[in-house]
Amino acid sequence: MNHKNEESDTLTEAKTPVSNFIRTIIDNDLQTGKHSKIVTRFPPEPNGYLHVGHTKSICLNFGLARDYQGVCHLRFDDTNPEAEDVEYVDSIMEDIRWLGWDWKDKLFYASDYYEKLYDYAEILINDGKAFVCELSAEEMNKNRGTLTQPGIDSPWRDRPAAENLDLFRRMRAGEFADGQMTLRAKIDMRSGNINMRDPVIYRIKRASHHRTGDKWCIYPMYDYTHPISDALEGITHSICTLEFEDHRPLYDWILDQLPVPCHPRQIEFARLNLSYTVMSKRLLLTLVKEGYVNGWDDPRMPTVAGMRRRGFTAAALRELADRIGVAKASSTVDFELLQYCVREDLNKHAKRVMAVLDPLKVIIENYPEDTTEMLEAINNPEDETAGTRMIPFSRELYIEREDFLTDPPKGWFRLAPGAEIRLKHAYYITCKEVVLDADGKIDKLICSYDPASGGGWTEDARKVKGTLHWIDASNCIPVEARIYDQLFTVSDPMSAEEGKTFLDYLNPDSLKVIKALAEPSLAEAKPGESFQFLRLGYFCADYDSKPSAPVFNRVVTLKDSWQKKGVVSQRLV
RNA sequence: UGGGCAGUAGCCAAGUGGUAAGGCAGCGGGUUUUGGUCCCGCCAUUCGGGGGUUCAAGUCCUCCCUGCCCAGCCA
């Protein structure tokens, strides 16, 4: 994968954190002496790529560990071999590192605990707290009851412990078929909480595991595995999302029955939702598998890999996580906030360059024909250390077609017949003549320049309000610009109207490929390198770039308070 | 009409009985060789609604309303 982490800030310097209910709990636990050090964990299942929703959880868990001088473990919750794959564990580790976090030597897998988990299960059985059930999946489902009706006890519920133990051992030994029996916790079939209705804790599943291979044919369930894994690792605060709230009684029940080293506290918070996108692994998988996007790292995807490729920076993603806060109210954050975070970071770090997406030729009639002069251009006004570079200027140039209007509206201070504008870093030019082609379309502009305005400035107090970006027609390179827009046309693709699905809201214009022209320096752009194309937006070199044929992904546009006024309606993109 | 959770501005969110932080968005102005950045100002007489307790309630009590999650041998 081609990317690099252009971090200039450091994660060790935490800003003053905004208070949230989890910090309040931790502060309290530290103050009362319940804990002297905190241990958190990020527990992904390796069954898909990480998305922005996960970055909230990652930054929360690793951020708490950083701020409280604790540690955060990375633990793969790999208890369902059918869905999991090393491709995913690799991408997850890569993404977390790219985000700037370090789990040091605290890398774990739930599958590392299979043996211990098994031993604990035998304890449960011996204590009469678990039983082997021979109900089929359908029968069990039927006996479970409904949301409003209690379930009924399994006929196998009161088997003697010895028999349960024998059966469970034989389950492990592979004597039974997949699905033929399960190990269930013996809790309460009449509980209002369906998770407590004798939940399955082990199932028989002959699937090759990405780490344990074919060693096991029984696999523990999440609700059983997770609390024990947390306890074995000495996790103090086990932070998860809201949908696990009613699993907490089960989490606590499991730990209460067993001689585990400690009893971590599960705390739930609201997951991140972002407008104009979807945040479920299942839906993202659909987009990938059915070809609506070009893979997990398609720049339109809300995956960490996709956003990285698009040019969103790790610092921006972390900033987003900091800004959205942590609470228990389900919420959907405006995509605008993410864009703000990206612009904020890129504004400080991206080198300014010039490129023209939709060229309109300009001929400077009073500029010598066989001259090319090199002009000095500042690389980043926000960062003096970024230095300057030289850019070529000669008689024939290109400007952005939308920067010229024959009959401009009031308030227009770009180019128009007779108008004078500044070419960034170059000269003032005045439009003398508009040349049309056979179809009546504007073919080129004949302009004159003021030789006294070198560098884009004159000593007189002349008012030249407009400044345009441009490129030298004979000293530029062709580049491919991939112009991205929201993948969906509605802010909440999940709440589809009758008979529609989220796929019906895919934005047909989410990607436009444009042949653009850019200043020569861009020929050397490295994949992953970000630039501000002056006045157009931030662009990031894609790994599809070839040495002489760079490809740029548009990360985000610049804010445009002029366009917002609605005066210019037809923008190229 | 089972269980769990949540409602503070368009979107997030702080607030832990003492008189509604902050950010994004929006609006207005200033600076500007990017209509960018930056800077300044405005933006909740009120916290889902009604009662109640209190000198004092977003915070406590009570009733109601709305939304989200749960019936995988997924996590």
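Every chain is numbered from 1 and lettered A, B, ... according to where its sequence line falls, protein lines coming before strand lines.
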Q: Summarise how protein sits on nucleotides 68-75 of chain B as a single string, 5' to 3': B when a protein heavy atom is under 4.0 Å from the base, S for sugar-phosphate-only contact, - for no contact.
A: -BBBSBSB

Euclidean distance, atom [atom1] of residue [X] to atom [atom2] of [N] [Å, nearest integer]:
X: A:E336; N: B:rA25; atom1: CD; atom2: C1'; value: 6 Å
X: A:K328; N: B:rA13; atom1: NZ; atom2: C1'; value: 16 Å
X: A:L272; N: B:rC24; atom1: CG; atom2: C1'; value: 14 Å
X: A:E400; N: B:rG35; atom1: CD; atom2: P; value: 12 Å
X: A:K351; N: B:rU37; atom1: NZ; atom2: C1'; value: 19 Å
X: A:K463; N: B:rU32; atom1: NZ; atom2: P; value: 12 Å

Would you mind pulling out the nucleotide paired to [N], Watson-Crick or G-U wobble, both distances under 3.5 Å?
N: B:rC5; value: B:rG67
N: B:rU45; value: none
N: B:rA57; value: none

Please evaluate the base of [N] for a donor-acceptor partner in the side chain of [X] within a cut-off of under 3.5 Å?
X: A:T467; N: B:rU32; answer: no
X: A:R343; N: B:rU37; answer: no
X: A:R414; N: B:rG35; answer: yes
X: A:E268; N: B:rG4; answer: no

(Q) OP1 or OP2 of B:rG35 versus the side-chain N and O atoms of A:R535: is any pair under 4.0 Å? (A) yes

Quantified in whole Å, what is the [atom1] atom distance between nucleotide [N] and nucleotide [M]?
N: B:rU16; M: B:rU8; atom1: C1'; value: 15 Å
N: B:rA20; M: B:rG35; atom1: C1'; value: 36 Å
N: B:rU59; M: B:rG52; atom1: C1'; value: 15 Å

Q | Nucleotide of B:rA13, B:rG15, B:rU34 approaching A:S19 most closely (side-chain heavy atoms) | A | B:rG15

Looking at side-chain heavy atoms only, is the closest gap between [X] and [Y] below 4.5 Å?
X: A:I235; Y: A:S229; result: no
X: A:Y118; Y: A:I218; result: yes
X: A:K281; Y: A:Y88; result: no

Q: With heavy atoms under 4.0 Å as the rule, sort A:V326 into base, sugar-phosphate or nothing.
A: sugar-phosphate

Q. Going by the angle between their ring planes, with limits at 30° and 60°, are A:Y219 and A:H209 parallel, tilted or perpendicular?
A. parallel

Q. Under the side chain to side chain contact (heavy atoms under 4.5 Å, CB included) test, which residues partner A:S495, sequence neighbours left out?
A.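 For A:S495, the residues satisfying side chain to side chain contact (heavy atoms under 4.5 Å, CB included) (neighbours in sequence not counted) are A:D492.
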
Q) Does A:C59 have any side chain to side chain contact (heavy atoms under 4.5 Å, CB included) partners at least two apart in sequence or in another chain, and if so, which? A) A:W101, A:R318, A:A321

Q | Distance-only side-chain donor-acceptor flag, A:S191 / A:N193, under 3.5 Å | A | no

